[in-house]
Every structure is written in C-alpha cells, then in structure tokens.
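To start, the structure under review is shown below, and the notes come after it.
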Amino acid sequence: MTTLQAINGFKDILPDQIHLWQRLEATATDICRRFGMREIRTPILEKTELFVRSIGEATDVVEKEMYTFADKGLTMRPEATASIMRAFIEHGMHVQQPVQRLYTMGPMFRHERPQKGRLRQFHQFDAEIIGPTEPQQDAELIAMGHLLFSELGVKVSLELNSMGCPKCRPAFRQRLIAGLEGVQDQLCEDCRRRLHTNPLRVLDCKKPGCRALVADAPSIQDALCENCTSHFATLRDTLDLLGIPYNLNRFMVRGLDYYTRTTFEFVTDQLGAQSAVGGGGRYDGLIAELGGPAVSGIGFAIGMERLILLMEQNEKENSAALSDTDIYLAALGPEELKHCTLLAQFLRQQGLRVALDYSGRSLKAQMKIAGRMQAHYTLIVGEQEWAGKEAILRDMQTQQQGGFSLSGSPLEQSERLAVVLRAGSGKSDPA
Ligand code: HAM
C-alpha cells in the first residue's frame, strides 16, 4: 500500500520550525500595534468574481493560478487585499471610522509551479491602510515593513516605482505598446500575448530576451501627471527623512491590476528565483470599483515562508531554537512519581515548562530523554532521595548538581524550585 503524502506545493509546518513562525507572528503583531493597526480575519473562500474584478482578468493570478470551484463560482483566496476590501465595504467600516488600519495573517492559494520559496499554499502577513491619500502615509507603511525586517534581523532591499493614475497611465500604455509592436516577434510568447492585454507586465518579464528589448523603453516615472509626480516626490523625500534606502526601479510592475501611483517590493538575492519577499502599493480606485465608497488605500503583503527562509539563514535564529523545557522531573519509584506529578502541576501553574515520564524508566534512560529535550534542569527523585527528603537538582548545561530539600508542602517546594529555575534561566519572577 502506498503511504499518503501531502499535495505537491502544500507543506506541513513542523514543530522544529514553529519557533520561527511564532517569532514572526509575534513581531508582526507587535509592530502592527505600534502603528495603530487592528486585526481582521476573512474567509478563505470567496466568490470568484471578487478576485476577477479586483486583481484583474488579464493577470497571471486570475488567468492561470486560482483554485476555483467552477460549478460553485467560488475561489480560494490567492491574496488578502480583495477580501479585506470586500469586508470593508460589506460592513460599512468607513462609516464607523474614516481611516481603517487593518492587518491579517493566513494561508493563500495559487496554482504556481512549486520551487524553493514558491508554494501553492503559502502564508501572507498583509497590512492595509484605507482612507488616507497623502504620500507620507505610503512612506509610513513602507517604514512599517522595513521595521519588521530589521527587527527580525533580515536584510532586504526596497524597490520603488509609481504606476501613475487613470489620468497619465493610458498615454504611457499607448506609447509602450507602440514602441514594442515593432519588436513583438522577438518577445517571449507570454509577452506577445500581454502586449495588448497588459503591456506594462512586459516591463518586468524575467526572460533575458525580453529584458534586453525593454531596456530602452520609456520610463513611467517620466510620464507621470503633475499630481502623481508630486506624490512620488514627497514619498521619496519622506523615505529619505526616515532613513529608508530604496532603488528606483521603473521596470518593477506588480502582478496585480489594482495599483495606482506608489508600488514597491522588498527583495532579496538569497532565495534564488523568488526574489520578492513582499510587495504592495496604492490602490486608489479599487474600493469604488468593487461598489464601495470612493476612498483610497495602500497596503503590502509579505510572504511568510520566504521571510522564514531568510530568518533560518540567520545564525542567531538557529541558536535561539534551543530548549523549550525548564525542568525534567526524573522520578524513580511509584511514591516519587506521585510526588513529581503534583510538583509538575504546581510548576506549570506558575508558568514553567515541565516534562516528566510516567513509564518507570531507569535513571539512565530518563537522563537521556532530558538531554534530548535540552531541559535546563533535571530534578532526580530516587528511592534514597525520597527517604532522605532531599532530591538532586542538576543544571544540565554546567553539569553541576546540588541538593533540593523536599521538606514543606509540594506547593511550597514548587515555589522554591520556581525561584531557582527562573534565576537559572535569567527569567524574572512574575510574583
Ligand atoms: P503579491 O506580490 O502577489 O502581492 O504577493 C505578496 C508576497 O506574497 C510576495 O512578495 C511573496 O513573498 C508572497 N507570495 C506570492 N506568491 C507566493 C507563492 N506562490 N509562494 C510563496 N510566497 C508567495 C499581493 O498579494 C498583494 N495583495 C499585496 C498588497 C496588499 N498590495 C496592496 N495591499
């Protein structure tokens, strides 16, 4: 019989990795709190139409990557922005509070070819600010992403572009098409198709042939209208003020159609072909397009698996993975085990991480278990120690050991023990 395995591109997150996920989630949550953002959670399944109308019919995501139940007209979300905007409109959130600062974390689904850093089920940390139109707000949001990377000790660089607005983009689009029509035979198959449906995407095709062909294409940054030019200039000034470095990249065109003006990506050269760790931008027309009020928005999403790959490469993270056990209680007889069972309960009530084994294994076997768990301490309660009312407390790192008195009630013993453990692991006593 063949054993069952997870689907290609769908991955388990195993306990050995979980500390990285928890650290990422906790840091992101805390940074969101500092920036006044509130969490929102939306369903995984939405009407297909939501994604078609927001992400755009002629995008790779909608054309070929969505997991759709065609007979039901439903799709598993490929990203979070569309769902958050749907929820914003549906619940009239702008009525309660004209500026909404929202974030979410969770799984997204895209049917792409799996490779390092590219999955079919992946997770995003997504942040959206709905309402403000000012470029300083764009800079603030970018600064929030920047702070997350820096607090996680991960180096990325920031690519910045502006996609213009409905006033200036159409003329640029026409110029681009006209310029590329002359060389369309030399474009790759995808770009030849995109030339008339989504010509800006040709600018960020990764194929060397197409890259060479667009090298001399006009720059959108030179084709912006007055308002877009001034928005982009103030954004850059504010990033300079905040000391956030960026590269102007006129070829960086995001893969989703809803963007206007500011677009950005956080990139790395550490992940092979998957260079984008996060990306986002402004989407001033999206909410109205979906039937909501005419309000602006800006946001980004970070690919959590990609960020975790970078955190893993960080040596500091690997050493932080160590112990998740403060003390292992080694009991060597039925009475001793009863006592340790109660002691464990009291220690856990005081917030300590305790392990013990009920199978009556030898001291040697139990010490092996404690070693494998990388427990900070082991308390040994054998027949002799039980009779003499003094257990052995061993510091597993220094291998030093001493007596621990078993006098007083088990609760009182656990309190004395907790003080020693906290002092030993450098944790402060909350009591
Ligand atoms: P996106 O660029 O499509 O933007 O995705 C954001 C990030 O999700 C990427 O930079 C990447 O790290 C990660 N990602 C995307 N696809 C995969 C995949 N197949 N496997 C692993 N990671 C992946 C958005 O989704 C927009 N909603 C961002 C946004 C929010 N714009 C405005 N607000």
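All ligand and atom numbering here is 1-based and tracks the order in the structure.
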Discussion item. So, taking the atom named CG in Asp60 and the one named CE in Met66, what distance separates them when rounded to the nearest 0.5 Å?
Written reply: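 So the gap between those two atoms works out to 12.0 Å.
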Give me the residue, atom name and distance of the protein heavy atom closest to [atom].
atom                    : answer
atom 11 (C) of ligand 1 : Arg306 NH1, 3.4 Å
atom 9 (C) of ligand 1  : Ala276 O, 4.1 Å
atom 27 (N) of ligand 1 : Glu79 OE1, 2.5 Å
atom 13 (C) of ligand 1 : Gly303 CA, 3.6 Å
atom 31 (N) of ligand 1 : Tyr259 OH, 2.6 Å
atom 14 (N) of ligand 1 : Phe122 CE1, 3.5 Å
atom 1 (P) of ligand 1  : Arg254 NH2, 3.5 Å
atom 24 (C) of ligand 1 : Leu256 CD1, 3.5 Å

Fill in: Residue that, paired with Ile327, satisfies side chain to side chain contact (heavy atoms under 4.5 Å, CB included) out of Leu356, Leu417, Leu343, Leu352
Leu417
Got a sec: does the [atom1] of [X] have more than 12 other heavy atoms crowding it under 6.0 Å?
X      : atom1 : result
Arg41  : CZ    : no
Arg113 : CZ    : no
Arg193 : CZ    : yes
Glu189 : CD    : no

Any N or O of [X] closer than 3.5 Å to N or O of ligand 1:
X      : value
Glu265 : no
Gly280 : no
Leu119 : yes
Tyr283 : no

Atoms of ligand 1, numbered as shown, that sit under 4.0 Å from any heavy atom of [X]:
X      : result
Arg118 : 19 (N), 20 (N)
Ala301 : 6 (C), 7 (C), 28 (C), 29 (C), 30 (C)
Gly117 : 20 (N), 21 (C), 22 (N)
Gly279 : 10 (O), 28 (C), 29 (C)
Val277 : 10 (O), 12 (O)
Glu128 : 30 (C), 32 (C), 33 (N)
Asp126 : 30 (C)
Glu112 : 16 (N), 17 (C), 18 (C), 19 (N)

Worksheet item: With side chains defined as the heavy atoms from C-beta onward, is the minimum distance between Met304 and Met105 less than 4.5 Å?
Response: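 Touching, per the 4.5 Å side-chain cut-off.
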Examine ligand 1 and decide if any of its atoms is less than 4.0 Å from a heavy atom belonging to [X].
X      : value
Ala82  : no
Gln124 : yes
Gly278 : yes

Fill in: Results of side-chain contact (heavy atoms from CB on, under 4.5 Å) for Gln274 - residues two or more places apart only
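Testing Gln274 for side-chain contact (heavy atoms from CB on, under 4.5 Å), a comparison that skips the adjacent residues, returns Gln115, Arg118, Arg306.
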Practice prompt. Report yes if the distance between the aromatic ring centroids of Tyr377 and Tyr328 is under 6.0 Å, otherwise no.
Written response: no
Item to complete: Indicate the ring-plane relationship of Phe88 and His94, choosing parallel, tilted or perpendicular according to the 30° and 60° boundaries.
Response: tilted
Worksheet, complete the sentence: Looking at Arg110, Met108, His111, the heavy atom closest to atom 3 (O) of ligand 1 belongs to Arg110
Worksheet item: Does Arg236 make a cation-pi contact with Phe232 (under 6.0 Å, within 45 degrees of the axis)?
Response: yes
Item to complete: Would you mind telling me which of Asp138, Thr263, Thr262 makes a side chain to side chain donor-acceptor pair (under 3.5 Å) with Arg282?
Response: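 Running side chain to side chain donor-acceptor pair (under 3.5 Å) over Asp138, Thr263, Thr262 with Arg282 returns exactly one hit, Asp138.
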Worksheet entry | Side chain, backbone, both or neither: the part of Phe109 lying under 4.0 Å from ligand 1 by heavy atom | neither
Discussion item. Is there a side chain to side chain donor-acceptor pair (under 3.5 Å) between Gln400 and Asp395? Walk through the geometry before answering.
Written reply: CA-CA 5 Å; Gln400 282 179 345; Asp395 182 325; over 6 Å; no
Fill in: Between Glu305 and His123: side-chain donor-acceptor atoms closer than 3.5 Å
yes
